[in-house]
Every structure is written in structure tokens, then in C-alpha cells.
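This report refers to the structure that appears directly beneath it.
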Amino acid sequence: MNDVYVLGIETSCDETAASVVKNGTEIISNVVASQIESHKRFGGVVPEIASRHHVEQITFVIEEALETSGLAPDQLSAVAVTEGPGLVGALLVGVNAAKAFAFAHGLPLVGVHHIAGHIYANRLEQEMEFPLLALVISGGHTELILMKAHGDFELIGETRDDAAGEAYDKVARTLNLPYPGGPHIDRLAHESEQAIDFPRSWLEEGSYDFSFSGLKSSVLNFMHNAAQRGESVDPKRVAAGFQASVVEVVTGKTLRAARQYGVKQVIAAGGVAANKGLRTSLEATFKKEDIPFFIPPLPLCTDNAAMIAAAGTVMFEKGLHHTMKMNGRPGMELTSWG
Ligand code: KG4
Ligand code: ZN
């Protein structure tokens, strides 16, 4: 069988990324232009600025990904792009670039769900084994997804309010930490021996859903009350307490789901999967449980295009091609393939 080379493009949020992946498993090139510096002073991603940056970067990023792959466009098998969900103006830049590239070189076009991409980042490291449980935890998502086969996604739990990363970023802001705050809270949490006791949000018995807004409010109230009393607060203890609550609930729910569905593999994905406290907890838990557990290396946890190419390869092989009518879909739901 011939090798399949897919060009992946990702522009759903604040990274402009392009990558070439071989057979859905091997990274040939992987280019990510981050905009974090431009959004930092606003304390979050500003959609208009994101779109403008994508427009400026996209051509260079695609060119670089192709050039470092050493492949000519006619050696590619398909172009895969993030179709949604994400910021509409940001998605459109990637979708239009993908359409133009596919049209110019007569290549099939595949639209990929961003979360399917995060999950398939794991396939760039080791083969997936089903049934598999995926914990997708990022700035926009906190989801538990059961997969019984390639492209078969069953959502068994999701956040009812804030995504975990969003809660991290908001708590970080009240502690006057720079954006994105997740890595800073993670670092501070590890520097403290003591942790403030914040609530655990387990929701109703048996639920795999998450909720982080109550925890976030507890932290904000704690800070507010301390300020009113004129007391100084040790941000390390706050960070440690907040992180302990997130880690305990996320690990607990993931373990319970893994047991209930008898999965052969547990994988984590998304920016918050980079969290050291969460990684350590999940690794120790699943080692004890004797279930193989994987997290992709850091650059594949956060947004990138290799993951889109990896997921897009499986869709391409299933014959799931899009037409030139494809549009960015900001509220796209994750549905199974075929
Ligand atoms: O997956 P990602 O790059 O973008 C989305 O699709 O959302 O995730 C970004 C999120 C941000 O909220 C950031 O604060 C969080 O991931 N993050 C972390 C860590 N590194 C990144 N959160 C906690 N601990 C970390 N070490
Ligand atoms: Zn993401």
C-alpha cells in the first residue's frame, strides 16, 4: 500500500499551525506560530486580533511545513483542516487556506473536529487500542469521550460551565499571574507545602460531568474576603488548593469511567493535560489500576496541526471528503465518522 501524506491546518484559536503527517502516525513536519504574546496584555484571546494574525501567518506557516517535509504538493494525499469548533473568524482563515490549497493542487479536502484532533495526537506516539477513554481537558473543553473504534466518539461527560483551562486562567488572573495562567498556577502549586481547602465538585452520584464555576467562585470569594479583612494571601497556597480540587475530581471521574467501561487504554489531551499535578495523579492512578495511560508530549497537548492531520488521515481513509462548500463551524458537535 502507498504511504498516505496529509497536510494538516489548524487555526481555531490562537495558534496558526500546519503539519505534514505520514500514515496518520508519523510527524514529517510540524510548524506552530503562537500568538500568545499578542493576547497577553489583554489577559485572554481577542478574536479580531487572532483572525488578523492567522491571515498574516497562514501562508508562511503552510510553506514552512511543506518545505521542511521535503515533499511537493503533488506527493500529498489530502488536506485536512479544523472545521470547528472555535472562533469563527479564526476558523475561516484555516478553512479558506485549506480550500485554496486543495483546489490549486487537486487534492481531497477533509474537515476535522478540533477535539477529534486532540484525541488523535496520541496516535502520533502509540497505536490506539479500543475501547479507549479520552480525557480532553483544555481552555475550551473538559470532556470524557469513550471510543469503541476509530472515529467512534461517545460523549459520556462534559463541563456544565467553565472548561478547566478557563477556570485556571480566571483564577490566575485574580492572583495577578500572566496569561495563560495554567502553567503559572501549576508552578506555584508545586512550591507550596500547604493548600487552602476548596470544595470538590462531584455533582450528582454517577455523573461524569464536570463543573468548575463553583470552585472558581470559592477562590474569588476567598481572595475578596481576605482583601476586605486587610489580610495578605499566599498565592502559592491558593494555587495549591485550587489545583488539588481540580486534580482530585478529574482523576476520580476518569478512573470511575475507565472502570465502568472496561477500557484498554486511557489517554489525555488538551492544554491542561500538560499540568504536572494532573499528569502525576493520572499516571499513578492508572499504574495502580493496571490500565495503560498515555499523554502526548507537551507540544502535542496544546493546539497543533499534526493532530489535525492525524485525525484527518483516518477520515480520508474512510472516504469522508468535503466539498469546496465547507465552512468554518464555530459550534460544531463531535459526531462519529461514517
Ligand atoms: O488545548 P489548548 O492549547 O487550547 C484550547 O484548545 O483551549 O489549551 C490551552 C489551555 C489554557 O487555558 C492554559 O492555561 C491551559 O491550557 N494550560 C494549563 C497548563 N498548560 C496550559 N493549565 C494547567 N496547567 C498547565 N501546566
Ligand atoms: Zn485545543
Side-chain angles (χ1 to χ4, degrees), residues 8-17 19 30 32-36 39-40 42-45 47 50 81-87 90-91 94 112-122 134-143 145 158-159 162-175 177-191 210 212 215-216 219 238-240 242-247 249-251 267-282 295-308 310-311 330 332 334:
I9 297 173
E10 151 68 40
T11 63
S12 68
C13 190
D14 59 349
E15 325 278 0
T16 318
S19 163
N30 190 17
V32 182
S34 172
Q35 309 175 359
I36 284 181
H39 298 287
K40 235 179 195 164
F42 303 106
V45 177
V81 62
T82 307
E83 187 182 1
L87 303 169
L91 287 168
V112 179
H113 192 283
H114 185 75
I115 294 304
H118 272 303
I119 295 172
Y120 272 85
N122 279 277
L135 166 69
V136 180
I137 185 159
S138 74
H141 298 269
T142 313
E143 288 163 9
I145 293 160
E158 64 186 323
T159 181
D162 292 357
E166 210 177 333
Y168 262 95
D169 294 339
K170 285 181 185 162
V171 166
R173 208 184 305 175
T174 59
L175 295 176
L177 297 167
Y179 173 85
H184 296 281
I185 295 208
D186 195 10
R187 177 176 45 78
L188 288 184
H190 282 88
E191 288 172 7
F210 298 95
F212 295 105
L215 170 61
K216 181 192 68 190
V219 177
V238 176
F242 169 77
Q243 179 143 313
S245 172
V246 174
V247 168
V249 173
V250 171
T251 306
I267 61 178
V272 184
N275 186 276
K276 282 202 216 74
L278 185 61
R279 274 177 180 249
T280 312
S281 164
L282 289 168
I295 309 188
L298 207 61
L300 294 179
C301 274
T302 47
D303 290 350
N304 65 86
M307 69 185 198
I308 301 302
M332 186 178 180
L334 179 61

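None of the values given here were measured: they were computed from a predicted structure. Atoms within a ligand are numbered from 1 in the order they appear, just like the ligands themselves. One-based numbering along the sequence shown.
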Practice task
Give a yes or no on whether His114 keeps an N, O or S atom under 2.8 Å from the Zn ion (ligand 2).
Solution key: yes
Practice task
Answer yes or no: are there more than 12 heavy-atom neighbours, outside Arg279 itself, under 6.0 Å from its atom CZ?
Solution key: yes
Practice task
Mind checking the CG-CG spacing from Leu91 to Leu87? Nearest 0.5 Å is all I need.
Solution key: 7.0 Å
Handout entry: Close-range residues for ligand 1, whose non-hydrogen atoms fall below the 4.0 Å threshold
Key = His114, His118, Ser138, Gly139, Gly140, Gly165, Tyr168, Asp169, Pro180, Gly182, Pro183, Asp186, Gly270, Gly271, Val272, Ala274, Asn275, Thr302, Asp303
Problem - Option from Ile145, Leu334, Thr142 for which side-chain contact (heavy atoms from CB on, under 4.5 Å) with Val136 holds - result: Ile145
Exercise for the section: Give a yes/no answer: is there an N/O/S atom of His118 under 2.8 Å from the Zn ion (ligand 2)? Expected result: yes
Handout entry: Tyr168-Phe212 aromatic ring centre distance below 6.0 Å
Key = no
Problem - Atom name, Asp303 (N, O or S, nearest to the Zn ion (ligand 2)) - result: OD1
Exercise for the section: Enter the distance from His141:NE2 to Phe210:CZ here, rounded to the nearest 0.5 Å. Expected result: 14.0 Å
Exercise for the section: Indicate whether any N or O donor in one side chain lies under 3.5 Å from an N or O acceptor in the other, for Glu10 and Asn304. Expected result: no
Exercise for the section: Could you tell me whether the side chains of Ser12 and Thr82 share a donor-acceptor contact shorter than 3.5 Å? Expected result: no
